Every structure is written in C-alpha cells, then in structure tokens.
Amino acid sequence: MTNFSELDRFLKNNRQNQLDELFELLRIPSLSADPSFGDSLQKAADFLSQKFESMGLKTQQLGTNGPPLVYAETPPVSDGPVVLVYGHYDVQPPDPLDLWQSPPFAPEVRGGKIYARGATDDKGQMMTHVLALEAVLNTSQKLPLQIKFLIEGQEESGSEVLEAELPKLGDQLACDVLVISDSSQYSKGQPAITYGLRGIAYFELHVQGPSADLHSGVFGGAVVNPAFALCNMITAMKNADGRIQLPGFYDSVVDLEPSERRAWQSLNFDEKSFASQIGVESTHGETGYSTLERRWGRPSFDVHGLTSGYQGEGGKTVLPAKASAKISFRLVPNQSPEKVAEQLREFVSQNTPAGVKAKIVDLHGGLGVVVDPNSKYMKAAMQAVEDGFGKTPVMIREGGSIPIVAQMVQLLKCDAILLGWGLDDDGAHSPNEKFALEDFYRGIKSSSRLWHYLAAP
C-alpha cells in the first residue's frame, strides 16, 4: 500500500530540486528541426539517461542516424500491469527571437510561470513522470507495477528514428497502457484527460514560373506570376463554408456521434473569451460545427508559411520566378496521410494554371487516434488527476497531433491515457512559451498517485 502522506512530504520538501533539474534540461537547445543542433540533442538524451541511471533504472539509448531514443525501465512486477511513459526531449525552434521577453534557453520564473522553450512542450510535462517515480523510489514505496520510459528526440520533426525502430521494439515496449503528457487541461483550474488526437499531413507546395526573376514593368501582365498562382491554388483548397476541396477528402471522415457533441456542449465553452485570449474578434471555421468540434473532431487545412520574391527593405519591382508555401491538413481517425497526399496531388494537377509548374514535397504525416474513454485505466487516471489537482477531470479530445501515438497503440495493442498538465495559452510553439509552476507540481503529484491507481484491482 502506498503511503501517500510520506510521498507528499517528500514532494513538498524537494520542490526546488525538481525545478532545478527541469531548468537544467530546459537550458539545452535541443532543436530537432535544425541538423546543426545534433550535439544539443545528444546532450539532452545523455541528461535523461544519467537521470534514469541515478534512479536505478535499467537504461539504454536506442536507434541510429538521428537523436537517440532514451529507454529506461523498472524491474517487472509479478501480476502487475506494465505502463509505458512516452515523451520527447526535442523542442520547436524559438524564432522569432526578438519577441521573447527572456532568452528561450535561459529558463526563469515570472509571475508563477516557468518561461522557456520546451517548458510545456514537452520537457516540463514529461519530467513530471520522471520526478514522480523518483519520489516513489526515494520514499521506499513498493512499486506495484513495471514502468517503462521511451523519450525521443524528433517528435517535433517527424519521429523518423522512432518510426524506423518501432517495428523492432514491440517486445521491449510491450505494455498494458501508454501514458503521455503532451497536451493541455481543458481550462485553468479544470484538468482534463484526452482520449483523442487529430492526425496530420504536412507538405511544401512549390510553384515555378520563369527561369529567373523578371522586371515587373517589362514582363508584368505577359506571364503568370507564380505568387498569384500559388495564392489562387491555396485559396481554392477551401470554400466559403470551410470545407476542404480536395477530391474525396471527406470520404473517410466519420462524423461525430450525437452523444459526443452533447458532452462537449456541456463543457460550456466560452466563444468570446476564447477569441479574446488569442487576440481575434471572432472564431471561424467549417459551417455547422462549434469551435470545439472544429478543433477536436473535424479535419482542417492551414498555411504555415509563404515565400516568394523580394522581402528586404524598400521596394524592388520584381516578378518572382518561384513561390512556395508550407501547408498541412489536420486529420481525424480513419483518414490516411498517404491518401491525403494523393488527393492533394490530384487537386494541384487540376488547378495549376498554364505557364507555371507545381511540385509537392511530402514533409511528414501521422494518423489520428481515439481510445476508449471508459477503460479501467481511464478511471484510474481520473482518480490520480483528482488527487493532484483537487478537481474531477473532464474528458476531451485534442486538436494537435502526436503522430507516433497511433502507431504505438496499433503495434502494442494497448490502451492509452493522455494527461495534459499545461494550458492552451502556454504558447507551445510560440515565443514566451510557459508552464505554470503550480501545474508542474500538480502534475508530479498526480503522476505519483497514478502508479498506485493503475495497479489497483
């Protein structure tokens, strides 16, 4: 039987040590999108390996041709379940740097919040489980199950190493339930458990016109401008009702169940507060669906970057030779990134004007996933979160993607629990990323309870 009083005393007395260790990891600029940061990724992997080894866990670094997978495990427990904790130590690029109030890799606490790149996505959330297990082991509690950790270094850029290694790791990663903390609470003070994630299909679309940039006065009006062609193609991909126009795009989309729509409606989502929080006058999206339904349970299309022509100071009357865009589609379960790539190529082929050529580059993709919100492991997680946060969590889906999750669930044939300690305004991919200090500690407490409740009969 776990002694919660002893455990809580340890957690309270070691808060500064826990924060110091998180800060040490946050100082490492482990960017997976930029190959020049390979040494930093290795440094982050070594930090975690040394941490697990100091806790007495059997530890390995797995994989080749990229940032290593850090694997660690406690000893097996007879008749106890096996839990696999997945997370990532890589982070998004911090650009634009001039918008940060403090350097992205110099973590600091301001107003009760930890500010740093990776604070909430995912170093801070991932470390709650590491530190919770350390508390259990350091208070001589009997661990009622086996815990395995798999922490990767490429989640933000496609998980190439993990995708390559995963088919070989089935036996090593075998588990009853997968635990992930890389999402958010429903709102401040209202914890949540996530039972679904959207997938993603990410591309670059390139349009090539003349062989070189041209003088717009001499050639303007006589040739197709690639920037116009690109913008017109992008605009045509979605109609005025917010419906994506790729051929056959909705063929595999399963509509939301009425019971699910009613459950989300009962969450009393505040449209005006949401719009104000993100600095817009109103929300927008697919006709016939609420904002929560659009974010959590419907596919979407977005443009992430546009590049063409002269972008320096002052004017330059150039007709650009080429234009490109980074675009993605968020997918719901049953949609395939590979099928969407085919649909996109068919659409672009049909909508490329004469006078330019278009090319699509596949960047990365991943399936969406929905798990059973009523499993025994979900009920155990609800009790653990209620202990840590002092409030019963609500059940939600999440609009973001963790592409590898669906593959792991399929390979390991396990349940999954997504426990988000952050908030949706934490700025996970933006300047001034933050993680509330109280949620960091609440997450550790919830995780320290989780192992006990998951093993309960």
Side-chain angles (χ1 to χ4, degrees), residues 7-31 37 40 43-44 47-48 50-51 54-55 87-135 138 151 155-156 181-192 277-279 385 387-391 419-449:
L7 191 55
D8 288 346
R9 280 195 298 272
F10 180 90
L11 292 177
K12 183 177 180 180
N13 293 335
N14 284 272
R15 283 190 164 193
Q16 188 59 52
N17 291 337
Q18 293 162 349
L19 185 62
D20 289 345
E21 289 202 78
L22 174 59
F23 272 30
E24 187 174 348
L25 181 58
L26 290 172
R27 291 188 184 102
I28 303 172
S30 46
L31 280 66
F37 285 83
S40 294
K43 185 177 179 181
F47 171 90
L48 289 169
Q50 292 163 14
K51 179 62 182 176
S54 73
M55 293 163 54
H88 63 95
Y89 60 81
D90 65 314
V91 299
Q92 283 275 326
D95 310 79
L97 293 174
D98 61 316
L99 296 183
W100 285 81
Q101 294 180 26
S102 55
F105 299 106
E108 64 177 51
V109 175
R110 300 195 306 271
K113 300 173 180 65
I114 305 164
Y115 285 88
R117 175 56 89 225
T120 193
D121 183 19
D122 176 47
K123 292 177 178 179
Q125 296 201 59
M126 174 267 294
M127 281 295 289
T128 62
H129 297 296
V130 178
L131 297 168
L133 176 58
E134 181 179 46
N138 283 358
I151 316 299
E155 193 275 341
E156 299 289 8
S181 290
D182 193 10
S183 53
S184 300
Q185 303 174 59
Y186 174 63
S187 61
K188 186 176 182 180
Q190 177 54 71
Q277 172 188 308
I278 58 177
V385 173
D387 283 7
F389 283 76
K391 192 168 186 177
L419 305 172
W421 313 136
L423 294 171
D424 61 7
D425 67 349
D426 277 344
H429 290 192
S430 304
N432 303 305
E433 179 180 348
K434 64 180 177 61
F435 187 23
L437 200 56
E438 63 178 353
D439 290 333
F440 174 57
Y441 294 129
R442 286 170 176 169
I444 297 172
K445 182 176 180 179
S446 298
S447 179
S448 74
R449 298 293 206 271

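No experiment lies behind these values; they were computed from the predicted model shown.
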Minimal non-hydrogen separation, [X] against [Y], with atom names:
X      : Y      : value
Phe105 : Leu31  : CZ-CD1, 3.4 Å
Phe435 : Ala119 : CD2-O, 3.2 Å
Phe389 : Pro191 : CB-CG, 3.9 Å
Ser181 : Trp421 : OG-NE1, 3.5 Å
Ala132 : Ser448 : CB-N, 3.5 Å
Glu21  : Phe47  : O-CZ, 3.5 Å

Backbone N/O of [Y] and side chain of [X]: donor-acceptor pair under 3.5 Å:
X      : Y      : result
Asp122 : Gly87  : no
Arg117 : Ser430 : yes
Ser446 : Gly443 : no
Ser447 : Ile444 : no
Arg27  : Pro107 : no
Asn432 : Gln101 : yes

Between [atom1] of [X] and [atom2] of [Y], what distance do you get to the nearest 0.5 Å?
X      : Y      : atom1 : atom2 : answer
Glu433 : Ile114 : CD    : CD1   : 10.5 Å
Trp100 : Asp95  : CH2   : CG    : 10.0 Å
Arg9   : Lys12  : CZ    : NZ    : 10.5 Å
Arg442 : Asp387 : CZ    : CG    : 13.5 Å
Asp90  : Lys123 : CG    : NZ    : 8.5 Å
Leu22  : Leu25  : CG    : CG    : 6.5 Å

Checklist entry - Run the side-chain contact (heavy atoms from CB on, under 4.5 Å) check on Val130 and Ile151 step by step: do they pass? => result CA-CA 11 Å; Val130 178; Ile151 316 299; 5.7 Å; no
Next on the checklist: Go through it in stages, so that I can follow the logic: the residues are His88 and Asp121, the test is side-chain contact (heavy atoms from CB on, under 4.5 Å), and I'd like the CA-CA distance, side-chain angles, deciding distance and then a yes or no.
Outcome noted: CA-CA 8 Å; His88 63 95; Asp121 183 19; 3.2 Å; yes
Next on the checklist: What I want to find out is whether Asp425 reaches Lys434 closely enough, with some N-O distance under 4.0 Å, to be called a salt bridge.
Outcome noted: yes
Item to check | Pair Asn14-Glu134, side-chain donor/acceptor within less than 3.5 Å | outcome: no
Next on the checklist: Checking side-chain polar atoms at under 3.5 Å, does Asp20 have a donor or acceptor matched by the opposite partner on Gln16?
Outcome noted: yes
Next on the checklist: If you apply the rule side-chain contact (heavy atoms from CB on, under 4.5 Å), what do you find for Phe23 with Val109, and how did you get there?
Outcome noted: CA-CA 10 Å; Phe23 272 30; Val109 175; 3.8 Å; yes
Next on the checklist: Could you go through Arg15 and Leu437, starting from their C-alpha distance and side-chain angles, then the distance that decides it, and tell me whether this counts as side-chain contact (heavy atoms from CB on, under 4.5 Å)?
Outcome noted: CA-CA 10 Å; Arg15 283 190 164 193; Leu437 200 56; over 6 Å; no
Item to check | Partner of Asp439 by side-chain hydrogen bond (donor to acceptor under 3.5 Å, both in side chains), out of Gln125, Gln185, Lys188 | outcome: Gln185
